Amino acid sequence: MKKLGHSFYQRDAEKLARDLVGTILVRRVRGRECRARIVEAEAYLGPHDLASHSSKGRTKRTEVMFGPAGHAYVYLVYGMYEMFNIVAGKTGGGQAVLIRAAEPLNGWKADLSGPGKLTRAFKITRDLNGLDLTGDTLYLVYDPDYRPRTRRAKRIGVEYAREWKNELLRFYDDRSTAVTHRFRP
DNA sequence: GCGTCGATGGCA
DNA sequence: GCCATCGACGCG
């Protein structure tokens, strides 16, 4: 299976979010390796998208969102949960994809059915903010043998985003049990 | 199964 | 004063 390179991430966030469903996330920490299949992802389109952090402009927090694609954007929400995003599109575009859920592989038992649970299990914290995802500690691989049944729906937890709250920018694998039942249309 | 609520800290 | 959340609790 092939590691995803920078060119894969340089597509627009909406397309990247769809294409990331079914790929495999790999985490290496202290000689151990964890793998999981991504089953849910959300696109955040840039400064014009009121749900996107980049709509607040370029700040210390959002800086990496405006950086090159294929890097990790990790931030803290509700004082206790880290969110793992992948920067997408052209440099300066402020686009990213939030990884919301995954299914553990290789006999690994873990509940990855939510963005906060996923980062906890993968030990993804803010010290990985800005990390190049084509390196060895956190990266993705393409699985040519898996064909997800991908559906799209509204994003979660963006009620504040006015008309943008209704955009169908969340993509999930309909075959996965890790996508919470209540988040299905 | 569902609605409600509190935890907890960085940010503008 | 918000949050790109989660888990505990009460219901009947």
Side-chain angles (χ1 to χ4, degrees), chain A residues 9 11-21 23 25 27 34 36 38-67 69-89 93-104 109-131 133 138 140 150-173 176-185:
Chain A
Y9 300 106
R11 65 198 72 189
D12 287 339
E14 183 169 351
K15 180 155 180 25
L16 180 63
R18 175 182 276 282
D19 292 346
L20 282 175
V21 173
T23 64
L25 181 62
R27 171 77 165 123
C34 295
I38 292 173
V39 297
E40 189 177 31
E42 277 177 0
Y44 290 85
L45 302 190
H48 61 294
D49 174 3
L50 296 181
S52 175
H53 287 176
S54 55
S55 69
K56 304 292 187 187
R58 212 183 262 256
T59 68
K60 177 170 279 187
R61 183 210 219 182
T62 62
E63 188 60 35
V64 304
M65 271 192 92
F66 290 95
H71 288 247
Y73 168 45
V74 186
Y75 66 90
L76 186 73
V77 74
Y78 299 118
M80 53 186 107
Y81 299 106
E82 319 267 356
M83 297 288 107
F84 171 50
N85 301 251
I86 298 174
V87 178
Q95 299 188 42
V97 173
L98 170 68
I99 306 303
R100 287 196 59 89
E103 285 185 356
K109 302 295 183 194
D111 180 5
L112 310 176
S113 63
K117 298 185 208 176
L118 185 149
T119 54
R120 205 189 315 144
F122 269 98
K123 302 196 192 323
I124 296 173
T125 55
R126 281 163 290 166
D127 53 86
L128 298 185
N129 190 35
L131 181 74
L133 297 175
L138 185 63
L140 287 89
T150 306
R151 301 213 191 288
R152 60 189 301 167
K154 294 179 186 178
R155 293 175 291 186
I156 306 295
V158 295
E159 295 306 304
Y160 59 88
R162 318 232 295 174
E163 71 271 21
W164 285 91
K165 75 179 187 212
N166 294 319
E167 293 293 314
L168 304 178
L169 292 173
R170 178 166 57 98
F171 297 88
Y172 64 94
D173 184 351
S176 173
T177 55
V179 180
T180 312
H181 178 66
R182 54 192 287 217
F183 289 160
R184 293 169 184 270

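Model, not experiment: these values are computed from the prediction. Below, chains carry the letters A, B, ... as their sequence lines are ordered, and counting in each starts from 1.
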State whether A:K117 places a side-chain N or O below 4.0 Å from either non-bridging phosphate oxygen (OP1 or OP2) of C:dG7.
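Affirmative; the distance criterion is met.
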Any side-chain N or O of A:Y81 below 4.0 angstrom from OP1/OP2 of C:dT5?
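Negative; the distance criterion is not met.
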What's [X] touching, base or sugar-phosphate or nothing? Going by heavy atoms closer than 4.0 Å.
X	result
A:R155	nothing
A:M83	sugar-phosphate
A:R170	nothing

Is the cationic atom of A:R61 (NZ for Lys, CZ for Arg) positioned less than 6.0 Å from the six-membered ring centroid of A:Y75 and within 45 degrees of its normal?
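Checked: cation-pi criterion met.
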Interatomic distance where [atom1] belongs to [X] and [atom2] belongs to [N] [whole Å]:
X	N	atom1	atom2	result
A:I156	C:dC3	CD1	P	16 Å
A:L76	C:dC6	CG	C1'	13 Å
A:R182	C:dT5	CZ	C1'	10 Å
A:H53	C:dC2	NE2	C1'	11 Å
A:M80	C:dA8	CE	C1'	13 Å
A:L50	C:dA4	CG	P	12 Å
A:Y78	C:dT5	OH	P	5 Å
A:R61	C:dC2	CZ	P	15 Å

Spell out, as yes or no, whether a donor-acceptor pair under 3.5 Å connects the side chain of A:S52 to the backbone of A:S54.
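At least one qualifying donor-acceptor pair exists.
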Among A:V97, A:L140, A:V87, exactly one meets side chain to side chain contact (heavy atoms under 4.5 Å, CB included) together with A:Y9. Which residue is that?
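Of the listed residues A:V97, A:L140, A:V87, the side chain to side chain contact (heavy atoms under 4.5 Å, CB included) partner of A:Y9 is A:L140.
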Taking heavy atoms of chain A and a 4.0 Å limit, find me the 5'-most and 3'-most nucleotide of DNA chain B within that range.
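Nucleotide range with atoms under 4.0 Å of chain A: B:dA7 to B:dA12.
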Salt bridge (charged side-chain N to carboxylate O under 4.0 Å, His left out) between A:E82 and A:R126, worked out
CA-CA 7 Å; A:E82 319 267 356; A:R126 281 163 290 166; 3.4 Å; yes
Which residue, A:A96 or A:R120, contacts DNA chain C at a nucleotide closer to its 5' end, judged by nearest heavy atom?
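This one resolves to A:A96.
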Inter-residue atom distance A:L112.CG - A:I99.CD1, 0.5 Å rounding
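So the CG of A:L112 and the CD1 of A:I99 are separated by 12.0 Å.
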Identity of whatever pairs with C:dA4 - Watson-Crick or G-U, under 3.5 angstrom:
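Base partner found: none.
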Measuring only the P atom in each nucleotide, how far is B:dT8 from C:dC9? A whole number of Å is fine.
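Straight-line distance between the two P atoms is 15 Å.
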Inspect the surroundings of CZ in A:R162 and state if more than 12 heavy atoms from other residues, nucleotides or ligands are less than 6.0 Å away.
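Result for CZ/A:R162: open.
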Kindly determine whether A:E63 and A:R58 satisfy salt bridge (charged side-chain N to carboxylate O under 4.0 Å, His left out), including the steps that lead there.
CA-CA 6 Å; A:E63 188 60 35; A:R58 212 183 262 256; 3.2 Å; yes
Using heavy atoms to find the nearest nucleotide of DNA chain B for A:G79 and A:T59 separately, return the residue whose nucleotide is more 5′.
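In this pair, the answer is A:G79.
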